[in-house]
Amino acid sequence: MNRIVELKAMVKDDPVPVELEGWVWQFRKQGKLAFVELFDGSTWKIVQVTLKKNKLPENKFDLIDEIYRGAALRIKGQLKADGRAPHGIEVLAEDMDVIHPSNEEFDQQVPQDAGVDVRLNKRHIVIRSPKTSAILKLRSHILKYTRDYFYSRGAEEVTPPTIVEAQAEGGAELFEIKYFDRKAYLTQSSQLYLEAAIFSLGNVFCILPSYRAEKSRTRRHLTEYTHIEGEYAFMDFEGLKEYLEDYIIYLMEQIKENDSDILELFGKTLEVPSKPFPRVSYKEAIEKLKELGHDIPYGTDISDAPERDLVNHYGVPIILEHFPTDMKPFYHKINEDDPSITNSADFIFPNLGEIIGCGERETDIDSMLDRMAKMDPPVNPEEYYWYMDLRRYGSIPHSGFGLGLERFLVWILDLDHIRDATLFPRLMNRVSP
RNA sequence: GCCUCCGUAGCUUAGCUCGGUAUAGCAUCCGACUGUUAAUCGGAAGGUCGACGGUUCAAAUCCGUUCGGGGGCGCCA
């Protein structure tokens, strides 16, 4: 059995016998001739199968009456180059079996011009489309490149629990769940557990869902998203930023090298940014934004629109760093030279916004206790007894980050909405399918 | 939490201001077609106008309530 992804390389001057299994994506019938666009998931590309009545065994051509979009077929035929076919190759069928039929309802499920609501309700059908397949392929490849990068840099992958007792982030809303006879929450970040794991494995990373119960209706928010997080032992703030620059550059180079067909499908040409990315301190950003017409008081969050204006001013990903201590959670390390700011940073991408949040972690237990008490609402150190213990016994300088995989995908392919960057999106009003 | 827009056939939609049960394209069904690639051509069928209530001789259209959905803000990755 051959896979469609292999066909292009198999083409020779003379026709090559092949056997394919796959699903009908499009079907065009024309008297004693018919064209099937066959899709098998091995590539987002379909292959055109040409059915001619006089090339098929007796009565086999009559099977076209059973063929609807979505049907599963087995095809034996001759592969050849043909400029008339999509992607330049086609298979002239010599035999065909219907593995499982579809029916006329398939086309009624998700018509070409279906709206957002229909497409989300029929997501299980939508993902059969070549274009959605391409997005999910690239998503898979980014996960692979990520693992390749981290393993090659001496990190181990761990899978911390996603059911947790206390919250890791300050402001974000938590999903509360019933956990036998007590309350628990779905995690918003695995950071704190990764910090603990350092003491067992050294450098660590994880790729897990994070959950945010924010009632955010924007093209950049999911309630469940894939969070790529890492924590690195003995790494300071400067080392962290360089490490993440290398990571982003590595991802983009790999995508450019291996996934050019997908980039082309989406009409994207990637420009790999060069090191170092522009560093913009929070204080500088406030000043720069004033020039750009945004008057933001020092010590308040830079919201979305000004943030985008700022990064678009540079035109490349920037590192927005050194947020004021009062604005950030207790675990961000206070800067040695200026205690009013932290060694924290966000990587801001043009046209999209924040994709990575990162920072050096605080190791001074007294500073942490002080800031936990000042948070609103105050954080109870009892709930973090194990996290505080990390600072009691052999603490070390360490730094970490979190990257939103779907946001990165949206940025790479310039997608209209983050819901298109994941298999079955979880949104404010949607948990099905 | 706030602002805003939209629900008419499987889908996309005209009609609504100024009340008289509804328009078209795609998909579906039947027929023709050996080079299509959103195929084309001819024909057919498909609707309690989101739901409930009110006004009226008469409501897709006017009023009220409610449900569902889109876009954005804020917040965040």
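Proteins get letters first, then strands, A, B, ... in listed order; numbering begins at 1 in each.
- The residue A:Ile355 sits close only to the backbone: its heavy atoms come under 4.0 Å of sugar-phosphate atoms, none of a base.
- Backbone-only contact: A:Glu104 has heavy atoms under 4.0 Å from sugar-phosphate atoms and none from a base.
- For A:Tyr282 and A:Tyr298, the ring centers are positioned less than 6.0 Å apart.
- Using atom P as the reference point in both B:C41 and B:G46, the two lie 24 Å apart (nearest Å).
- Residues A:Lys183 and A:Glu165 are not paired through a salt bridge, judged by the lack of any N-O separation under 4.0 Å between the basic side chain and the carboxylate.
- Only the P atoms considered, B:A22 is 30 Å distant from B:C5, to the nearest whole Å.
- Among the protein residues, A:Tyr68 comes within range of the sugar-phosphate backbone only, with heavy atoms under 4.0 Å from sugar or phosphate atoms but none that close to a base.
- Between A:Asp346 and A:Val118, it is A:Val118 whose nearest contact on RNA chain B lies nearer the 5' terminus.
- Closest to the side chain of A:Gln112, out of B:G72, B:C75, B:A38, is B:A38.
- The base of B:G35 is paired with the side chain of A:Glu90 by a donor and an acceptor separated by under 3.5 Å.
- With hydrogens and angles ignored, a donor-acceptor pair under 3.5 angstrom links the side chain of A:Arg217 to the base of B:G70.
- Aromatic ring centres of A:Trp44 and A:His87 lie closer together than 6.0 Å.
- For B:G35, the base is not stacked against the aromatic ring of A:Phe35, per a cut-off of 5.5 Å between centres and 30° between planes.
- Side-chain N/O atoms of A:Asp304 and base N/O atoms of B:C76 include a donor-acceptor pair closer than 3.5 Å.
- Nucleic acid contact class of A:Asn54 (heavy atoms, under 4.0 Å, all strands): base.
- Atom CD1 of A:Ile418 and atom P of B:C76 are 16 Å apart (whole Å).
- Nucleotides B:C16 and B:C49, compared at atom C1', are 11 Å apart to the nearest Å.
- Between A:Glu104 and A:Arg69 no salt bridge is recorded (no basic side-chain N to carboxylate O distance below 4.0 Å).
- The gap from the C1' atom of B:G19 to that of B:A9 amounts to 23 Å, rounded to the nearest Å.
- Not a single donor-acceptor pair, N or O on each side, falls under 3.5 Å between the base of B:U13 and the side chain of A:Asp113.
- Aromatic rings of A:Trp386 and A:Tyr193 (six-membered ring for Trp) have centroids within the 6.0 Å cut-off, being under it.
- Put simply, NZ on A:Lys131 is 14 Å from P on B:A38, counting in whole angstrom units.
- At a threshold of 4.0 angstrom between heavy atoms, the contacts of A:Ser216 include nucleobase atoms, whether or not backbone atoms are also involved.
- Rounded to whole Å, the C1' atom of B:A38 lies 25 Å from the corresponding atom of B:G70.
- One finds no side-chain N or O of A:Lys52 lying less than 4.0 angstrom from the OP1 or OP2 phosphate oxygen of B:U34.
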